[in-house]
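Letters A, B, ... are given to chains in the order of the sequence lines, protein chains preceding strands, and every chain is numbered from 1.
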2 protein chains.
Amino acid sequence: MHKEHTLTKNQQIIFDLIDKSPEPMKAYSILFNVQKKGIKAPLQVYRALDKLVEIGKIHKIESRNAFIACHNSSCQVANATAFSICEICEKVTEISSVGLSKYLANFKDKDGMKYSKYNLEFFGLCKKCTLK
Amino acid sequence: MHKEHTLTKNQQIIFDLIDKSPEPMKAYSILFNVQKKGIKAPLQVYRALDKLVEIGKIHKIESRNAFIACHNSSCQVANATAFSICEICEKVTEISSVGLSKYLANFKDKDGMKYSKYNLEFFGLCKKCTLK
DNA sequence: TTTAAATTGTTATAATATAACATCATGTAA
DNA sequence: TTACATGATGTTATATTATAACAATTTAAA
Ligand SMILES: [Zn+2]
Ligand SMILES: [Zn+2]
Ligand SMILES: [Zn+2]
Ligand SMILES: [Zn+2]
């Protein structure tokens, strides 16, 4: 479960926008959409994004340079994330699988190294795009 | 195993550079390093990088916007990649684990969707940095 | 209340990546 | 061999993503 953080004004504006969006949002698209609320510069957006990622309210989809709200109580403060990405329509879904997160949290490499954090992105076709 | 491709001149120059590098290389650092060999523009670099990624000779480390040569015969043409990344020294290692790749290749989400491709990035401290 | 830490606002700039178009090389089919 | 398709190259310009630097303000502890 996420620790509760009181979001600041900018953070709240930007989180609300991302949270309402059905698809991941890019930083400059966010900027465009919040300019009427007084957020005028890229840095204001990036600072809010950094914080929101840090506290686990949103995640960055690295392969797309885009941000999505977290709807998964099991990804502890952004330390363990998994997504499926449709290569046609670009729909992104956060994967919530106890089996997967357990497997990855316990994964040790050859040297016995254990990792504190991971990000996994699966690519394929979503249901809708498979039928086409 | 990788299908053999005959690399073109630019592709070969850029692959050789990345292959020799002990750490992932960024596009503009590559550009700087190959300018004396006649590759002068970003596009020439990005085109070679795209092709090398496509045929599986190199991989992109998405969280770092950097490129590393593949030394793992089991990642079929860039479709299934896993890396460990040290958050202090930024050392990146390609993970070669039959167990992990089998697990991920067979992973199905809630909807029974199977994925054709994935990229996994683990973060933590490498051996050297753990001892410090 | 004082003081440190976090957040904000602002301008400028750095770093990463692609568009558009002309040319050249290579292989394949008529 | 010629004609054609395909892929690779060269080049200029531009789009997209992200951070540096610094001043001012707000917030929350000590
Ligand atoms: Zn999440
Ligand atoms: Zn789709
Ligand atoms: Zn590989
Ligand atoms: Zn390290």
### Query
Under the 3.5 angstrom rule, does the side chain of B:Thr130 hit a backbone N or O of B:Cys126 as a donor-acceptor pair?
yes

### Summary
Here the salt bridge (Lys or Arg N to Asp or Glu O under 4.0 Å) pairs for residues 9-28 of chain A, sequence neighbours left out, are none

### Message
Quick test of your reading: applying salt bridge (Lys or Arg N to Asp or Glu O under 4.0 Å), list the pairs with at least one residue in residues 116-131 of chain B, sequence neighbours left out, ordered by first then second residue.
### Response
A:Glu87-B:Lys117

### Distance-only donor-acceptor check, side chains A:Glu94 and A:His59, under 3.5 Å
yes

### Query
Is it the case that one hydrophobic cluster holds both B:Leu7 and B:Ile13, taking links as side-chain heavy atoms less than 4.5 Å apart, direct or via other members?
yes

### Message
Same cluster or not: B:Tyr118 versus B:Ile95, using hydrophobic residues (I, L, V, M, F, W, Y) connected whenever any side-chain heavy atoms lie under 4.5 Å apart?
### Response
yes

### Presence of B:Lys60 side-chain N/O under 4.0 Å of C:dA17 phosphate oxygens OP1/OP2
yes

### Side-chain N,O (A:Lys51) to OP1/OP2 (C:dT7) below 4.0 Å
yes

#### Entry: Contacts of B:Tyr115 that satisfy ring-ring contact (aromatic ring centres under 6.0 Å, His included) - sequence neighbours left out
A:Phe122

### Message
Which residues pass the ring-ring contact (aromatic ring centres under 6.0 Å, His included) test with A:Tyr103, not counting sequence neighbours?
### Response
B:Tyr103

## Note on the structure
What residues 11-45 of chain B contributes to the DNA chain D interface at heavy-atom separation below 4.0 Å is B:Ala41, B:Leu43, B:Gln44

### Summary
Comparing B:Asn65 with B:Thr8, nearest DNA chain D nucleotide closer to 5' gives the residue B:Thr8

### Query
Atom OH of A:Tyr46 to atom P of C:dA14: distance rounded to whole Å?
17 Å

## Note on the structure
Contact span of DNA chain D against chain B, any nucleotide atom under 4.0 Å from a heavy atom, 5' to 3', runs D:dA8 to D:dT12

## Note on the structure
By nearest-nucleotide position on DNA chain C, the 5'-leaning member of A:Arg47 and B:Arg64 is A:Arg47

